[in-house]
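Worksheet for the structure shown next.
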2 protein chains.
Amino acid sequence: MTEPGEAVRDAEAVSKFVEGFAAQLVEAGMQRMPARVFAALLSSDSGAMTSAELGEQLQVSPAAVSGAVRYLAQQHMVSREREPGSRRERYRVHSNQWYEALTNRDVVLKRWENALRDGVEGLGETTPAGRRLAETLAFFEFVERELARMMERWRAHREEVFGRD
Amino acid sequence: MTEPGEAVRDAEAVSKFVEGFAAQLVEAGMQRMPARVFAALLSSDSGAMTSAELGEQLQVSPAAVSGAVRYLAQQHMVSREREPGSRRERYRVHSNQWYEALTNRDVVLKRWENALRDGVEGLGETTPAGRRLAETLAFFEFVERELARMMERWRAHREEVFGRD
DNA sequence: CGCTTCTTTCAGAAATTTGTGAAGTTAAGG
DNA sequence: CCTTAACTTCACAAATTTCTGAAAGAAGCG
């Protein structure tokens, strides 16, 4: 059993983290509800919660949870699991998966690159503007290659420090 | 002088790029007006435009330009220059500066790290949730170190391919 | 110094985004 | 099969964001 004050303090600590971290994600461009759901999952002991649990902890409707989870799943930031023998679903954040997903931002990079390529073509490679766009494009292509390598190094580093999953 | 169709086609190409690239930036979380202003600067031949020019090209009020530029300057994505002997200001995107600024996203990283550190402390390093947050924190710290190195490599690579500025 | 030109600030209108309740859909379990 | 629990979709209300016009604030120039 926990000491009287424990459970309460813990709930407070969780809530504090959830709102604080979510706020940072929002600032970085994420929608509020997905950010809150994600933060809640990240700070849950099991790393997984049901729709109902999320709704209660965050004080929002099932519809809001549904929308947020759909978004997060699309971004590969959470995965859905069917609880066997129940129509309840649980949403899980794998320790790894989620920042791998963050690296999947190179989907975004790819789209930027395409827009830039179109720009270079439209403006002409030899115009000053065209050259600027081309250089920017080269930068993103460089970053993309480097990111892949970086993730490899991270996995090695991680295994060393935290051991295998 | 340019051939009859030339100027028009060019304006169209510019506009196409501006709106297309801006749309991608918006999708990635940037506000629309800063995104459009930035794209316009990026695809201008001189890499610099006045407030009036921006307003006309984008069909927006001086107030909108002012707000967008303020934001972009805060993010170090453009710099402001006073046109000597005029109270007109020009806003410039340096070929380099701007993606250096993109790397300045490590300000964002720092804030995430702080939120995570608070979370680890609040939840306890030894709880499962605490450990997950700690690992996430370690990831970001790793990324931060790597990003710095990556930018060094980029500068070298860039000089090789494009020559010195 | 005051005039003029450009930029910024601010209050409010318009548009967009966000979350809810309710109805609709799916699938487990009798 | 029918019932029922759970998730999803949809139309709408509320909140937020975004842009504008107008007024105020700088800064060159006579």
Side-chain angles (χ1 to χ4, degrees), chain A residues 15 18-19 21-41 48-75 77-93, chain B residues 15 18-19 21-41 44 46 48-75 77-93:
Chain A
S15 175
V18 168
E19 299 309 328
F21 193 61
Q24 295 306 326
L25 293 177
V26 168
E27 183 124 356
M30 196 177 204
Q31 293 154 343
R32 182 169 309 277
M33 194 58 68
R36 296 179 71 207
V37 167
F38 184 71
L41 286 171
M49 295 175 78
T50 67
S51 180
E53 288 168 343
L54 284 166
E56 202 207 348
Q57 177 175 336
L58 302 176
Q59 288 296 303
V60 295
S61 71
V65 174
S66 174
V69 163
R70 174 159 40 113
Y71 174 84
L72 291 171
Q74 271 172 358
Q75 307 296 314
M77 296 181 72
V78 308
S79 55
R80 333 162 78 108
E81 328 179 323
R82 209 22 158 281
E83 227 169 37
S86 161
R87 63 237 91 173
R88 199 169 296 155
E89 219 159 36
R90 5 188 70 230
Y91 307 113
R92 156 156 282 131
V93 53
Chain B
S15 175
V18 168
E19 300 308 329
F21 194 62
Q24 295 305 327
L25 293 177
V26 168
E27 184 126 355
M30 195 177 205
Q31 293 154 342
R32 182 168 308 275
M33 195 56 68
R36 295 179 72 206
V37 167
F38 183 71
L41 287 171
S44 69
S46 65
M49 297 174 76
T50 66
S51 181
E53 289 168 341
L54 285 166
E56 202 208 345
Q57 177 174 337
L58 302 176
Q59 288 297 303
V60 295
S61 70
V65 174
S66 174
V69 163
R70 174 158 41 111
Y71 173 84
L72 290 171
Q74 273 172 356
Q75 307 297 312
M77 296 180 72
V78 309
S79 56
R80 333 163 77 109
E81 327 180 323
R82 209 24 157 279
E83 226 168 39
S86 160
R87 65 241 87 174
R88 198 171 297 157
E89 218 158 37
R90 16 187 64 232
Y91 309 113
R92 157 157 279 131
V93 52

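It should be emphasised that the depicted structure is a prediction, and the values quoted were computed from it without experimental measurement.
For B/Phe38, the ring-ring contact (aromatic ring centres under 6.0 Å, His included) criterion is met by B/Trp98, not counting sequence neighbours. Partners of B/Gln24 by side chain to side chain donor-acceptor pair (under 3.5 Å), not counting sequence neighbours, listed by chain and number: A/Arg111. With sequence neighbours excluded, the residues forming a salt bridge (charged side-chain N to carboxylate O under 4.0 Å, His left out) with B/Glu89 are B/Arg80, B/Arg82, listed by chain and number. Listed by chain and residue number, A/Glu81 satisfy the salt bridge (charged side-chain N to carboxylate O under 4.0 Å, His left out) test with A/Arg92 (two or more places apart in sequence, or in another chain). Applying the salt bridge (charged side-chain N to carboxylate O under 4.0 Å, His left out) criterion to B/Glu83, with sequence neighbours excluded, gives B/Arg90.
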Please list, pair by pair, any protein nitrogen or oxygen found under 3.5 Å from a nitrogen or oxygen in nucleotides 13-15 of chain D.
none

Interface polar pairs with nucleotides 11-18 of chain C, N/O, under 3.5 angstrom:
none

Contacts under 3.5 Å, N or O only, protein and nucleotides 1-3 of chain C:
none

Distances under 3.5 Å between nitrogen or oxygen atoms of protein and nucleotides 22-29 of chain D:
{"residue": "D/dC29", "atom": "OP1", "partner": "B/Gly85", "partner atom": "O", "Å": "2.9"}

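Side chain of B/Ser61, nearest nucleotide from D/dG21, C/dT20, D/dA6: D/dG21. Residue A/Arg70 places its side chain closer to D/dT9 than to any other of C/dT7, D/dT9, D/dT8. Minimum atom distance to the side chain of A/Glu89 is reached by D/dT8, of the listed D/dT8, C/dT20, C/dT8.
A 4.5 Å side-chain heavy-atom check between A/Val60 and A/Val37 finds every atom pair outside the cut-off. Residues B/Val93 and B/Leu72 form no side-chain contact, since every pair of their non-hydrogen atoms from C-beta on lies 4.5 Å or further apart.
Taking each heavy atom of A/Ala22 and A/Ala39 in turn, the nearest pair found is N-CB, 4.3 Å. A pairwise comparison of heavy atoms in A/Tyr91 and A/Leu54 identifies CD1-CD1, 3.9 Å as the closest pair. Shown here for B/Val65 and B/Ser51, the closest heavy-atom pair between the two residues is CG1-OG, 3.6 Å. Here the closest non-hydrogen pair linking B/Leu41 and B/Met49 is CD2-N, 3.5 Å.
Note: CG (A/Leu54) to P (C/dG19) measures 14 Å, nearest angstrom. The OH-C1' distance, from A/Tyr71 to C/dG19, rounds to 17 Å in whole Å. Atom CG of B/Leu58 is separated from atom P of D/dC19 by 11 Å (rounded to the nearest Å). One can place CE of A/Met49 at 13 Å from P of D/dC7, the figure rounded to the nearest angstrom. Here C/dC6 presents its P atom at 14 Å from CD of B/Glu56, a figure rounded to the nearest Å.
Sorted by first and then second residue, the side chain to side chain donor-acceptor pair (under 3.5 Å) pairs with a member in residues 65-75 of chain A form an empty list; sequence neighbours excluded.
Toward the 5′ end of DNA chain D lies the nearest nucleotide of A/Gly67, the other residue of the pair B/Val65 and A/Gly67 mapping further downstream. Nearest-nucleotide assignment on DNA chain C puts the 5′-proximal partner with B/Arg90, out of B/Arg90 and A/Pro62.
Residue B/Arg88 holds its CZ atom at 8.0 Å from CD of B/Glu53, rounded to the nearest 0.5 Å.
In this structure, B/Arg80 reaches the sugar-phosphate backbone alone: every heavy-atom distance under 4.0 Å involves primed, P, OP1 or OP2 atoms, never a base.
Each end of the helix from C/dC1-D/dG30 to C/dG30-D/dC1 gets its own axis from five base pairs, and the two axes differ in direction by 20°, given to 10 degrees.
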Which atom pairs, one a donor and one an acceptor, fall under 3.5 Å between side chains of residues 27-35 of chain A and the rest of the protein, sequence neighbours left out?
none

